[in-house]
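Everything on this sheet refers to the single structure shown next.
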Amino acid sequence: MNIMFQKANQRVFGTFPLKGDALRNAIAAAIDTGYRAFDTAQAYGNEADTGAALAESGIARDELCITTKVTVENFSQERFMSSVEQSLRDLKLDRVDILLLHWPTPGDDIKLSLELLQEAQERGFASTIGISNYTAAMMRQARQITGVPLVTNQVEFHPLLDQRKLLAAASETGIPLSSYCSVARGEVFKHPLFADIGATYGKSAAQVVLRWVLQKGLPINTMSTKPGNIRSNFDVMDFTLSSIDMGRIDAMNAVGFRVVGKRLIPYAPDFDT
(Lines give C-alpha, C1' and ligand atoms only; values in the text may rest on other atoms or scores of the structure.)
Protein backbone atom coordinates (compact mmCIF):
# COMPACT_ATOMS: atom_id res chain seq x y z
CA MET A 1 0.00 0.00 0.00
CA ASN A 2 1.14 3.56 -0.78
CA ILE A 3 2.51 5.00 2.47
CA MET A 4 0.34 8.10 2.07
CA PHE A 5 -2.82 6.03 2.30
CA GLN A 6 -2.00 4.01 5.38
CA LYS A 7 -4.68 4.92 7.90
CA ALA A 8 -2.32 6.67 10.32
CA ASN A 9 -0.86 8.80 7.52
CA GLN A 10 -4.01 10.12 5.85
CA ARG A 11 -4.14 13.00 8.35
CA VAL A 12 -0.85 14.89 8.29
CA PHE A 13 0.17 17.64 10.67
CA GLY A 14 1.79 20.47 8.73
CA THR A 15 4.44 22.65 10.34
CA PHE A 16 4.54 25.77 8.15
CA PRO A 17 5.12 28.55 9.23
CA LEU A 18 5.77 27.53 12.84
CA LYS A 19 9.16 27.64 14.58
CA GLY A 20 10.57 27.45 18.09
CA ASP A 21 8.27 26.98 21.06
CA ALA A 22 5.13 27.54 18.99
CA LEU A 23 6.09 24.58 16.80
CA ARG A 24 7.13 22.36 19.71
CA ASN A 25 3.89 23.04 21.56
CA ALA A 26 1.81 22.41 18.44
CA ILE A 27 3.58 19.12 17.71
CA ALA A 28 3.14 18.02 21.33
CA ALA A 29 -0.60 18.73 21.07
CA ALA A 30 -0.75 16.92 17.72
CA ILE A 31 1.01 13.87 19.17
CA ASP A 32 -1.42 13.82 22.10
CA THR A 33 -4.33 14.05 19.66
CA GLY A 34 -3.10 11.06 17.67
CA TYR A 35 -1.19 12.50 14.71
CA ARG A 36 1.71 10.35 13.60
CA ALA A 37 2.41 11.92 10.18
CA PHE A 38 4.30 15.23 10.05
CA ASP A 39 5.25 17.48 7.13
CA THR A 40 8.15 19.94 6.97
CA ALA A 41 10.49 21.35 4.30
CA GLN A 42 13.91 22.88 3.88
CA ALA A 43 12.25 26.16 2.87
CA TYR A 44 10.29 26.34 6.13
CA GLY A 45 13.44 26.77 8.22
CA ASN A 46 12.01 24.54 10.94
CA GLU A 47 13.43 21.07 10.31
CA ALA A 48 15.65 21.25 13.40
CA ASP A 49 12.76 22.36 15.61
CA THR A 50 10.56 19.65 14.11
CA GLY A 51 13.23 17.01 14.72
CA ALA A 52 13.72 18.11 18.31
CA ALA A 53 9.98 18.11 19.03
CA LEU A 54 9.48 14.65 17.56
CA ALA A 55 12.51 13.29 19.43
CA GLU A 56 11.11 14.72 22.67
CA SER A 57 7.72 13.12 22.03
CA GLY A 58 8.95 9.64 22.90
CA ILE A 59 6.97 8.13 20.02
CA ALA A 60 8.77 5.17 18.45
CA ARG A 61 10.36 5.98 15.09
CA ASP A 62 8.46 3.23 13.29
CA GLU A 63 5.16 4.83 14.35
CA LEU A 64 6.02 8.12 12.64
CA CYS A 65 5.78 9.16 9.00
CA ILE A 66 7.95 12.18 8.33
CA THR A 67 7.94 14.15 5.09
CA THR A 68 10.38 16.85 4.06
CA LYS A 69 10.88 18.69 0.81
CA VAL A 70 13.97 19.82 -1.10
CA THR A 71 13.89 23.49 -2.04
CA VAL A 72 14.48 24.64 -5.62
CA GLU A 73 17.73 26.38 -4.68
CA ASN A 74 19.24 22.95 -3.99
CA PHE A 75 18.31 21.35 -7.32
CA SER A 76 21.91 20.90 -8.51
CA GLN A 77 24.53 18.16 -8.52
CA GLU A 78 26.62 20.22 -6.10
CA ARG A 79 23.91 20.92 -3.51
CA PHE A 80 21.13 18.35 -3.67
CA MET A 81 22.60 15.46 -1.65
CA SER A 82 24.35 17.66 0.89
CA SER A 83 21.09 19.52 1.48
CA VAL A 84 19.24 16.27 2.11
CA GLU A 85 21.98 15.11 4.47
CA GLN A 86 21.61 18.39 6.37
CA SER A 87 17.84 17.87 6.55
CA LEU A 88 18.44 14.45 8.07
CA ARG A 89 20.84 15.88 10.64
CA ASP A 90 18.34 18.58 11.54
CA LEU A 91 15.50 16.08 11.80
CA LYS A 92 17.69 13.67 13.82
CA LEU A 93 16.98 10.86 11.35
CA ASP A 94 18.92 8.46 9.18
CA ARG A 95 16.15 8.65 6.57
CA VAL A 96 12.82 10.33 5.99
CA ASP A 97 9.73 8.37 5.09
CA ILE A 98 8.83 10.67 2.19
CA LEU A 99 11.14 13.06 0.33
CA LEU A 100 9.53 15.49 -2.11
CA LEU A 101 10.71 18.05 -4.62
CA HIS A 102 9.02 21.18 -3.24
CA TRP A 103 8.45 22.76 -6.68
CA PRO A 104 9.12 21.86 -10.28
CA THR A 105 12.46 23.13 -11.56
CA PRO A 106 11.86 26.61 -13.02
CA GLY A 107 11.83 26.41 -16.79
CA ASP A 108 11.16 23.35 -18.86
CA ASP A 109 13.75 20.80 -17.67
CA ILE A 110 12.59 18.77 -14.66
CA LYS A 111 14.77 15.76 -15.47
CA LEU A 112 17.84 16.51 -13.33
CA SER A 113 15.92 17.19 -10.12
CA LEU A 114 13.90 14.01 -10.55
CA GLU A 115 17.07 11.97 -11.17
CA LEU A 116 18.68 13.47 -8.07
CA LEU A 117 15.55 12.70 -6.05
CA GLN A 118 15.70 9.08 -7.15
CA GLU A 119 19.41 8.94 -6.32
CA ALA A 120 18.65 10.20 -2.80
CA GLN A 121 16.28 7.28 -2.36
CA GLU A 122 18.86 4.85 -3.71
CA ARG A 123 21.36 6.17 -1.15
CA GLY A 124 18.91 5.35 1.62
CA PHE A 125 18.07 8.94 2.53
CA ALA A 126 14.35 8.36 1.94
CA SER A 127 12.04 5.37 2.01
CA THR A 128 9.80 6.84 -0.69
CA ILE A 129 9.89 9.88 -2.97
CA GLY A 130 7.44 12.21 -4.63
CA ILE A 131 6.77 15.66 -6.04
CA SER A 132 4.84 18.79 -5.15
CA ASN A 133 3.13 21.55 -7.13
CA TYR A 134 3.51 19.72 -10.45
CA THR A 135 1.04 20.37 -13.26
CA ALA A 136 -0.77 17.54 -15.03
CA ALA A 137 1.70 17.67 -17.94
CA MET A 138 4.64 17.58 -15.53
CA MET A 139 3.14 14.58 -13.77
CA ARG A 140 3.14 12.74 -17.08
CA GLN A 141 6.76 13.73 -17.69
CA ALA A 142 7.78 12.66 -14.21
CA ARG A 143 6.18 9.27 -14.69
CA GLN A 144 8.32 8.73 -17.79
CA ILE A 145 11.56 9.97 -16.20
CA THR A 146 11.54 8.12 -12.90
CA GLY A 147 12.11 4.41 -12.63
CA VAL A 148 10.41 4.06 -9.25
CA PRO A 149 6.91 4.93 -8.03
CA LEU A 150 6.25 8.48 -6.94
CA VAL A 151 4.05 8.31 -3.86
CA THR A 152 2.35 11.68 -4.29
CA ASN A 153 2.05 15.04 -5.96
CA GLN A 154 1.35 17.36 -3.00
CA VAL A 155 -0.80 20.21 -4.27
CA GLU A 156 -3.18 22.93 -3.18
CA PHE A 157 -6.54 21.20 -3.02
CA HIS A 158 -9.77 22.51 -1.52
CA PRO A 159 -13.39 22.98 -2.61
CA LEU A 160 -12.85 26.50 -3.99
CA LEU A 161 -10.37 25.37 -6.67
CA ASP A 162 -11.10 23.13 -9.65
CA GLN A 163 -8.39 20.46 -9.74
CA ARG A 164 -10.13 17.98 -12.05
CA LYS A 165 -7.22 18.01 -14.52
CA LEU A 166 -4.81 17.00 -11.76
CA LEU A 167 -7.18 14.29 -10.55
CA ALA A 168 -7.35 12.92 -14.09
CA ALA A 169 -3.55 13.00 -14.36
CA ALA A 170 -3.28 11.18 -11.04
CA SER A 171 -5.51 8.43 -12.36
CA GLU A 172 -3.58 8.28 -15.63
CA THR A 173 -0.07 8.25 -14.15
CA GLY A 174 -0.64 6.39 -10.90
CA ILE A 175 0.80 9.34 -8.95
CA PRO A 176 -1.83 10.13 -6.31
CA LEU A 177 -2.47 13.65 -5.09
CA SER A 178 -2.24 14.83 -1.49
CA SER A 179 -3.63 18.09 -0.20
CA TYR A 180 -2.22 21.25 1.32
CA CYS A 181 -4.15 24.47 2.02
CA SER A 182 -7.08 22.14 2.56
CA VAL A 183 -9.29 24.92 3.97
CA ALA A 184 -7.80 27.58 1.65
CA ARG A 185 -6.24 29.33 4.66
CA GLY A 186 -9.70 30.13 5.98
CA GLU A 187 -11.26 31.34 2.73
CA VAL A 188 -13.80 28.49 2.84
CA PHE A 189 -15.31 29.95 6.00
CA LYS A 190 -16.61 32.91 3.99
CA HIS A 191 -19.06 30.53 2.31
CA PRO A 192 -22.02 29.41 4.47
CA LEU A 193 -22.54 26.15 2.56
CA PHE A 194 -19.94 24.28 4.61
CA ALA A 195 -21.38 25.24 7.99
CA ASP A 196 -24.89 24.48 6.70
CA ILE A 197 -23.83 20.99 5.65
CA GLY A 198 -21.91 20.53 8.87
CA ALA A 199 -25.02 21.22 10.94
CA THR A 200 -26.69 18.10 9.52
CA TYR A 201 -23.74 15.92 10.61
CA GLY A 202 -22.91 17.62 13.89
CA LYS A 203 -19.59 18.75 12.41
CA SER A 204 -17.88 22.09 11.84
CA ALA A 205 -17.39 23.76 8.46
CA ALA A 206 -13.69 22.86 8.59
CA GLN A 207 -14.46 19.21 9.30
CA VAL A 208 -16.85 19.12 6.33
CA VAL A 209 -14.19 20.56 4.02
CA LEU A 210 -11.54 18.13 5.25
CA ARG A 211 -13.92 15.20 4.90
CA TRP A 212 -14.70 16.29 1.34
CA VAL A 213 -10.96 16.25 0.53
CA LEU A 214 -10.60 12.76 2.02
CA GLN A 215 -13.59 11.49 0.05
CA LYS A 216 -12.03 12.91 -3.13
CA GLY A 217 -9.22 10.43 -2.41
CA LEU A 218 -6.54 12.72 -0.96
CA PRO A 219 -4.71 12.65 2.37
CA ILE A 220 -5.02 15.98 4.18
CA ASN A 221 -2.34 18.27 5.60
CA THR A 222 -3.51 20.70 8.30
CA MET A 223 -1.83 23.03 10.79
CA SER A 224 -3.03 24.83 13.89
CA THR A 225 -1.52 26.05 17.14
CA LYS A 226 -4.82 25.69 19.01
CA PRO A 227 -5.33 22.29 20.70
CA GLY A 228 -9.07 22.42 20.06
CA ASN A 229 -8.60 22.97 16.34
CA ILE A 230 -5.86 20.34 16.19
CA ARG A 231 -8.30 17.80 17.66
CA SER A 232 -11.14 18.96 15.42
CA ASN A 233 -9.03 18.63 12.27
CA PHE A 234 -8.10 15.11 13.31
CA ASP A 235 -11.69 14.08 14.10
CA VAL A 236 -12.91 13.62 10.54
CA MET A 237 -13.01 9.86 10.14
CA ASP A 238 -16.30 9.11 11.88
CA PHE A 239 -18.75 10.44 9.31
CA THR A 240 -19.33 10.26 5.55
CA LEU A 241 -20.70 13.00 3.34
CA SER A 242 -23.60 11.92 1.15
CA SER A 243 -23.24 11.97 -2.63
CA ILE A 244 -25.67 14.89 -2.69
CA ASP A 245 -23.55 16.91 -0.28
CA MET A 246 -20.39 15.98 -2.15
CA GLY A 247 -22.01 17.32 -5.31
CA ARG A 248 -23.04 20.56 -3.62
CA ILE A 249 -19.46 21.07 -2.49
CA ASP A 250 -18.07 20.10 -5.92
CA ALA A 251 -20.07 22.99 -7.38
CA MET A 252 -17.99 25.40 -5.27
CA ASN A 253 -14.99 24.68 -7.54
CA ALA A 254 -16.35 27.45 -9.75
CA VAL A 255 -15.18 30.05 -7.21
CA GLY A 256 -11.67 29.58 -8.62
CA PHE A 257 -9.78 30.75 -5.53
CA ARG A 258 -6.08 29.87 -5.37
CA VAL A 259 -3.89 30.56 -2.33
CA VAL A 260 -0.45 29.75 -3.74
CA GLY A 261 0.52 31.08 -7.15
CA LYS A 262 3.03 33.36 -8.82
CA ARG A 263 2.13 36.23 -6.51
CA LEU A 264 3.64 34.27 -3.62
CA ILE A 265 6.04 32.03 -5.55
CA PRO A 266 7.39 33.81 -8.66
CA TYR A 267 8.83 30.58 -10.08
CA ALA A 268 5.55 28.66 -9.69
CA PRO A 269 4.51 26.90 -12.90
CA ASP A 270 1.53 27.93 -14.99
CA PHE A 271 -0.99 25.86 -13.09
CA ASP A 272 -3.78 23.93 -14.79
CA THR A 273 -7.04 25.84 -15.11
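In what follows, every heavy atom counts, from backbone to side chain, and hydrogens, waters and symmetry copies are set aside.
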For the side chain of [X] and the backbone of [Y], is there at least one donor-acceptor N/O pair under 3.5 Å apart?
| X | Y | answer |
| --- | --- | --- |
| Arg36 | Ile31 | yes |
| Gln154 | Ser178 | no |
| Glu156 | Val260 | yes |
| Lys111 | Ile145 | no |
| Thr200 | Ile197 | yes |
| Lys69 | Thr40 | yes |
| Ser57 | Leu54 | yes |
| Ser232 | Gly228 | no |
| Asp49 | Gly20 | yes |

Salt bridge or not between [X] and [Y]? Use side-chain N to carboxylate O under 4.0 Å.
| X | Y | answer |
| --- | --- | --- |
| Asp32 | Arg231 | no |
| Arg164 | Asp272 | no |
| Arg61 | Asp97 | yes |
| Arg79 | Glu73 | no |
| Asp238 | Lys203 | yes |
| Arg89 | Glu85 | no |
| Lys19 | Asp21 | no |

[X] and [Y]: side-chain donor and acceptor closer than 3.5 Å?
| X | Y | answer |
| --- | --- | --- |
| Gln207 | Arg211 | no |
| Ser113 | Thr105 | yes |
| Asn25 | Thr225 | no |
| Gln42 | Ser87 | yes |
| Ser127 | Arg95 | yes |

Starting at [atom1] of [X], measure out to [atom2] of [Y] and round the result to the nearest 0.5 Å.
| X | Y | atom1 | atom2 | answer |
| --- | --- | --- | --- | --- |
| Asp39 | Asn221 | CG | CG | 4.5 Å |
| Ile129 | Glu119 | CD1 | CD | 11.0 Å |
| Leu23 | Thr15 | CG | OG1 | 6.0 Å |
| Arg143 | Leu150 | CZ | CG | 8.0 Å |
| Thr240 | Met246 | OG1 | CE | 10.0 Å |
| Arg123 | Gln121 | CZ | CD | 13.5 Å |

- prompt: Can we call the ring centroids of Phe234 and Tyr35 under 6.0 Å apart?
  reply: yes

Would you indicate whether the side-chain heavy atoms of [Y] and [X] approach each other to under 4.5 Å?
| X | Y | result |
| --- | --- | --- |
| Leu114 | Gln141 | no |
| Met4 | Asn9 | no |
| Arg11 | Met237 | yes |
| Ile110 | Tyr134 | yes |

query: Crowded around Ile244 CD1? As in, over 12 foreign heavy atoms under 6.0 Å?
result: no

How far apart are the closest heavy atoms of [X] and [Y], and which atoms are they?
| X | Y | answer |
| --- | --- | --- |
| Phe38 | Ala30 | CE2-CB, 4.0 Å |
| Ala29 | Ile230 | CB-CD1, 3.8 Å |
| Val96 | Ile66 | CB-O, 3.7 Å |
| Met138 | Pro269 | CE-CB, 3.9 Å |
| Cys65 | Ile3 | SG-CD1, 3.9 Å |
| Asn153 | Met139 | ND2-SD, 3.3 Å |

- request: Just jot down the ring pair (Phe, Tyr, Trp, His ring centres under 6.0 Å) partners of His102, sequence neighbours excluded, or say none.
  value: Tyr44

Under a single-linkage definition using a 4.5 Å side-chain heavy-atom cutoff for Ile, Leu, Val, Met, Phe, Trp and Tyr, are [X] and [Y] assigned to the same hydrophobic cluster?
| X | Y | answer |
| --- | --- | --- |
| Phe16 | Ile220 | no |
| Met223 | Phe189 | yes |
| Leu116 | Leu100 | no |
| Phe5 | Leu210 | no |
| Phe75 | Leu88 | yes |

message: Between Val213 and Phe157, does the side-chain contact (heavy atoms from CB on, under 4.5 Å) criterion hold? Intermediate values first, please.
response: CA-CA 8 Å; Val213 174; Phe157 195 99; 4.2 Å; yes

message: Evaluate Leu241 against Gln215 for side-chain contact (heavy atoms from CB on, under 4.5 Å), listing each step before the verdict.
response: CA-CA 8 Å; Leu241 295 169; Gln215 287 182 220; 3.6 Å; yes

task: Verify side-chain contact (heavy atoms from CB on, under 4.5 Å) between Val188 and Leu193, making sure each step is shown before the conclusion.
output: CA-CA 9 Å; Val188 296; Leu193 174 67; over 6 Å; no

query: Relative to the ring of His191, is the ring of Phe194 parallel (under 30°), tilted (30 to 60°) or perpendicular (over 60°)?
result: perpendicular

task: Look at the rings of Trp103 and Tyr267 and say which category their plane angle falls in: under 30° parallel, 30 to 60° tilted, over 60° perpendicular.
output: perpendicular

message: Does Leu218 form a side-chain contact (heavy atoms from CB on, under 4.5 Å) with Gln10? I'd like the steps, not just the answer.
response: CA-CA 8 Å; Leu218 283 72; Gln10 291 181 36; over 6 Å; no

message: Applying the side chain to side chain contact (heavy atoms under 4.5 Å, CB included) criterion to Thr68, which one of Val84, Leu91, Ile98 satisfies it?
response: Leu91

message: Consider side chain to side chain contact (heavy atoms under 4.5 Å, CB included). Of Val72, Asn133, Leu117, which one does Leu101 pass it with?
response: Leu117

Sequence neighbours left out, cut at 3.5 Å: what donor-acceptor pairs do the side chains of residues 247-256 make with other protein atoms?
from   : atom 1 : to     : atom 2 : distance (Å)
Arg248 : NH1    : Asp245 : OD1    : 3.1
Asp250 : OD1    : Trp212 : NE1    : 2.9
Asp250 : OD1    : Lys216 : NZ     : 3.3
Asn253 : ND2    : Pro159 : O      : 2.8

